[in-house]
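By convention in this document, chain letters (A, B, ...) are assigned in the order of the sequence lines, proteins followed by strands, and residues within each chain are numbered from 1.
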Amino acid sequence: MSKPSLARGTRDFGPEIMVKRIFIFEQIKKVYQKYGFLPLETPAIENLSVLMGKYGEEGDQLLFKILNSGDFAKDLNQEDLNRGSKDILKKVSEKGLKYDLTVPFARYVVMNRHQLALPFKRYQIQPVWRADRPQKGRYREFYQCDADVVGTESLICEAEIVAMLHEVFENLGINDFVIKINNRKILSGITEVIGAKGKETDLCVAIDKIDKIGKEKVEEELIERGFSPENIQNLQPLFRITQSENVNFGELRQWLAESEIGQKGVDELENIWGLTSALGIKNPKIAFDPSLARGLSYYTGAIFEVKALNVAIGSISGGGRYDNLTGTFGMPGLSGVGISLGVDRIFDVMEELKIFPEHLTLSSTKVMITNFGEDTLAKSLEILGQLRAHGINSEIFPESSKMKKQFEYADKKAIPFVLIIGSDEIQKEEFMLKNMLSGEQISLKIEQIIEKLNA
RNA sequence: GAGGUUAUAGCUCAGCUGGUUAGAGCACCAGAUUGUGGUUCUGGGGGUCGUGGGUUCGAACCCCAUUAGCCUCCCCA
């Protein structure tokens with residue numbers, strides 16, 4: 001016998017936690033459906049050919065790979081072993097656990113392109129797995145709630161994502177958050193006008209840290225990453241723009257005047273601001289953040305990230321526009337934009353802020369019927385059936401244990417009513433209904449009980 | 001992947017410079033209450049001190065390794 005244990009970075013969710021998680025799922029699902037998204041599920045397991053190479057080199061390392069069935073080592077020879085893990089991997093594993101929902105979605109779109117009504121809007125709520133090092137707010141198995149639109153370049157989709165995010169977080173009671181928005185095209189434009197074309201990644205990695213380490217350190221890091229002092233001199237407007245509260249599109253446009261792609265980025269950004277306001281979002285919690293980079297290499301337009309304020313947890317949502325995700329599966333020219341909500345982090349945020357609604361009930365049972373044994377069982381079951389026929393969630397204590405035990409059970413399960421059916425009650429044809437919250441109990445006829453419990 | 005830190009009852013923790021039999025609160029079980037929970041009182045069970053080695057007459061305590069949690073970097077939901 002071995003001691004039970006959980007795999008690293010995974011957790012059980014007991015009933016108390018599930019109640020809260022389901023609340024979050026429901027709120028998200030409700031809003032996604034409200035905006036016209038349709039449900040989709042894809043397998044936990046995908047072929048590695050689908051997953052590998054989509055998330056960068058680091059992503060490939062973080063993929064959980066599944067050993068081939070049977071004798072997975074049968075094709076291995078000494079030469080493979082000498083050459084190292086990469087060559088071994090190809091021969092021992094051809095499947096992996098999905099790493100996010102976007103890539104499997106792209107695969108689905110490509111495989112079903114002829115049936116789909118484009119633009120296709122889907123939402124997807126499923127677990128994903130990453131062989132990351134667990135820490136606060138970071139797990140190896142966690143749920144993502146994605147909503148994506150493919151088959152249109154319309155910036156209405158971006159604005160609708162902004163609107164949905166507002167609605168979801170407000171419904172959840174998370175009021176202090178900010179949707180950071182950037183645009184890959186602006187990042188490209190920046191590298192162009194500072195004379196470091198093509199070095200977006202290095203630029204991003206460095207300027208992303210500006211909040212944490214400050215301007216001077218960022219400049220030091222840029223030098224280390226091969227940027228010239230001239231590059232950095234040209235970058236100065238960025239620090240001004242980042243610091244200003246409101247977005248100064250004019251200044252941004254002027255700075256990026258020499259870059260065609262940069263201009264396009266500014267156009268898009270300004271458009272998203274305008275459309276968001278046109279959708280009627282009052283006081284939108286959006287902020288242009290040119291230092292927002294995000295690791296996923298496939299974003300080509302808008303980039304989103306939602307940060308909950310006043311809590312020490314990373315982003316609770318991220319997303320953006322990708323132009324060529326389906327291209328890697330042989331279907332070029334299909335643009336998409338999407339957002340991903342991290343339920344596990346949202347849960348942590350809500351727990352830390354203590355903002356889960358109080359009415360979330362552990363048990364859906366409305367009433368528990370006592371069990372006094374054989375003499376009363378027939379009547380108890382009859383009434384149980386009647387209650388259920390009237391749509392009342394009810395259960396009977398399955399054993400004729402002591403009353404104390406039966407009441408303790410109801411109490412622990414937070415069942416609001418206990419119906420006492422003993423021989424006295426059966427004789428009177430009136431049954432004792434006890435309110436477990438107030439402690440009051442009254443003798444009622446079955447019709448009155450049904451009426452009261454259905455109220 | 002690198003660094004730091006922690007690990008004692010189901011949970012939260014105490015346990016002095018190594019010294020007999022490792023404690024508390026909460027939780028759990030039983031009784032007071034053989035038809036009434038959440039309050040109260042009484043009693044009870046439960047730990048080879050994360051795991052494996054080592055030092056010592058003697059280790060929860062010191063040393064090494066290992067595993068897991070947390071934190072920082074990296075990256076991300």
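Atom C1' of nucleotide rC11(B) and atom CD of Glu16(A) are separated by 13 Å, given to the nearest angstrom. Distance Leu62(A) CG to rC74(B) C1': 10 Å, rounded to the nearest Å. Between Lys180(A) atom NZ and rA77(B) atom P the separation is 14 Å, expressed in whole Å. Distance CZ (Arg21(A)) to C1' (rA77(B)): 12 Å, rounded to an integer number of Å. Atom pair Ile174(A):CD1 and rA77(B):C1' shows a separation of 13 Å (rounding to whole Å applied). Lys434(A) has its NZ atom 9 Å from the C1' atom of rG38(B), to the nearest Å. When the P atom of rC75(B) is taken as reference, atom CZ of Phe142(A) falls 16 Å away, rounded to whole Å. Distance Met403(A) CE to rA32(B) P: 16 Å, rounded to the nearest Å.
Side chains of Leu172(A) and Val349(A) form no contact here, defined as non-hydrogen atoms less than 4.5 Å apart. Between Tyr123(A) and Val31(A) there is no side-chain heavy-atom pair separated by less than 4.5 Å.
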Show every donor-acceptor pair shorter than 3.5 Å between a side-chain atom in residues 101-111 of chain A and any protein atom, with sequence neighbours excluded, or say none if there are none.
| from | atom 1 | to | atom 2 | distance (Å) |
| --- | --- | --- | --- | --- |
| Thr102(A) | OG1 | Asp146(A) | OD2 | 3.4 |
| Arg107(A) | NE | Glu46(A) | OE1 | 2.8 |
| Arg107(A) | NE | Glu46(A) | OE2 | 3.2 |
| Arg107(A) | NH2 | Glu46(A) | OE2 | 3.0 |

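Tyr143(A) comes within contact range of no nucleotide atom at all, as no heavy-atom separation falls under 4.0 Å. Within the 4.0 angstrom heavy-atom criterion, base atoms lie near Ile420(A). Looking at heavy-atom distances under 4.0 Å, Glu425(A) makes contact with a base.
Ring planes of Tyr299(A) and Tyr322(A): tilted class, angle from 30 to 60°. A perpendicular orientation is assigned to the rings of His166(A) and Phe177(A), their planes being inclined by more than 60° (bins at 30° and 60°).
Every salt bridge (charged side-chain N to carboxylate O under 4.0 Å, His left out) that Glu167(A) has, sequence neighbours left out, goes to Lys34(A). Checked against side-chain hydrogen bond (donor to acceptor under 3.5 Å, both in side chains), Glu351(A) has the following partners two or more places apart in sequence or in another chain: Lys20(A). Contacts of Gln386(A) classified as side-chain hydrogen bond (donor to acceptor under 3.5 Å, both in side chains), with partners at least two apart in sequence or in another chain: Glu382(A). Annotation: side-chain hydrogen bond (donor to acceptor under 3.5 Å, both in side chains) contacts of Gln126(A) (sequence neighbours excluded): Lys98(A), Gln124(A).
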Dump every N/O contact between nucleotides 8-10 of chain B and the protein below 3.5 Å, one line per pair.
none

Short N/O separations, protein against nucleotides 66-71 of chain B, under 3.5 angstrom:
| from | atom 1 | to | atom 2 | distance (Å) |
| --- | --- | --- | --- | --- |
| rG69(B) | OP1 | Gly9(A) | N | 3.1 |
| rG69(B) | OP2 | Arg8(A) | NE | 2.8 |
| rC71(B) | OP2 | Lys136(A) | N | 2.0 |

How would RNA chain B look in dot-bracket form, 5' to 3', counting Watson-Crick and G-U wobble pairs with both distances under 3.5 Å and writing | for bases paired to another strand? (((((((..((((.....[...)))).(((((.......))))).....(((((..]....))))))))))))....
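Using a 4.0 Å cutoff on non-hydrogen atoms, the parts of residues 435-453 of chain A near RNA chain B are Met436(A), Leu437(A), Gly439(A), Gln441(A), ordered by number. Residues of residues 409-418 of chain A that place a heavy atom closer than 4.0 Å to RNA chain B, in numerical order, are Asp411(A), Lys412(A).
Look at the P atom in both rU33(B) and rA22(B): the space between them is 37 Å, to the nearest Å.
Within the structure, side chain to side chain donor-acceptor pair (under 3.5 Å) pairs that include any residue of residues 412-425 of chain A comprise Glu395(A)-Lys413(A), Tyr409(A)-Lys413(A) (at least two apart or interchain). Among residue pairs with one or both ends in residues 435-455 of chain A, those qualifying as salt bridge (charged side-chain N to carboxylate O under 4.0 Å, His left out) are Glu430(A)-Lys445(A); sequence neighbours excluded.
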Check the pair Val418(A) / Ile420(A) against side-chain contact (heavy atoms from CB on, under 4.5 Å), numbers first and verdict last. CA-CA 6 Å; Val418(A) 170; Ile420(A) 301 157; 4.2 Å; yes
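Of all nucleotides listed (rC75(B), rG37(B), rA30(B)), rG37(B) comes nearest to the side chain of Glu408(A). The nucleotide whose nearest atom lies closest to any side-chain atom of Ser340(A) is, among rC75(B), rG37(B), rA77(B), rA77(B). Counting only heavy atoms from C-beta on, Ser315(A) has its side chain closest to rA77(B) among rU36(B), rG37(B), rA77(B).
Checked by atom type and distance alone, the side chain of Asn183(A) pairs as donor or acceptor with a backbone atom of Lys185(A) at under 3.5 Å.
Ion pairing between a basic and an acidic side chain is recognised when a charged N comes within 4.0 Å of a carboxylate O; Asp344(A) and Arg11(A) show such pairing.
Residue Lys405(A) has no polar side-chain atom (N or O) positioned under 4.0 Å from OP1 or OP2 of rG31(B).
No hydrogens or angles considered: a donor-acceptor pair under 3.5 Å links the side chains of Asp323(A) and Ser335(A).
Distance CD1/Ile28(A) to CD1/Ile339(A): 11.0 Å, rounded to 0.5 Å.
A 6.0 Å sphere centred on CZ of Phe72(A) holds no more than 12 heavy atoms belonging to other residues, nucleotides or ligands.
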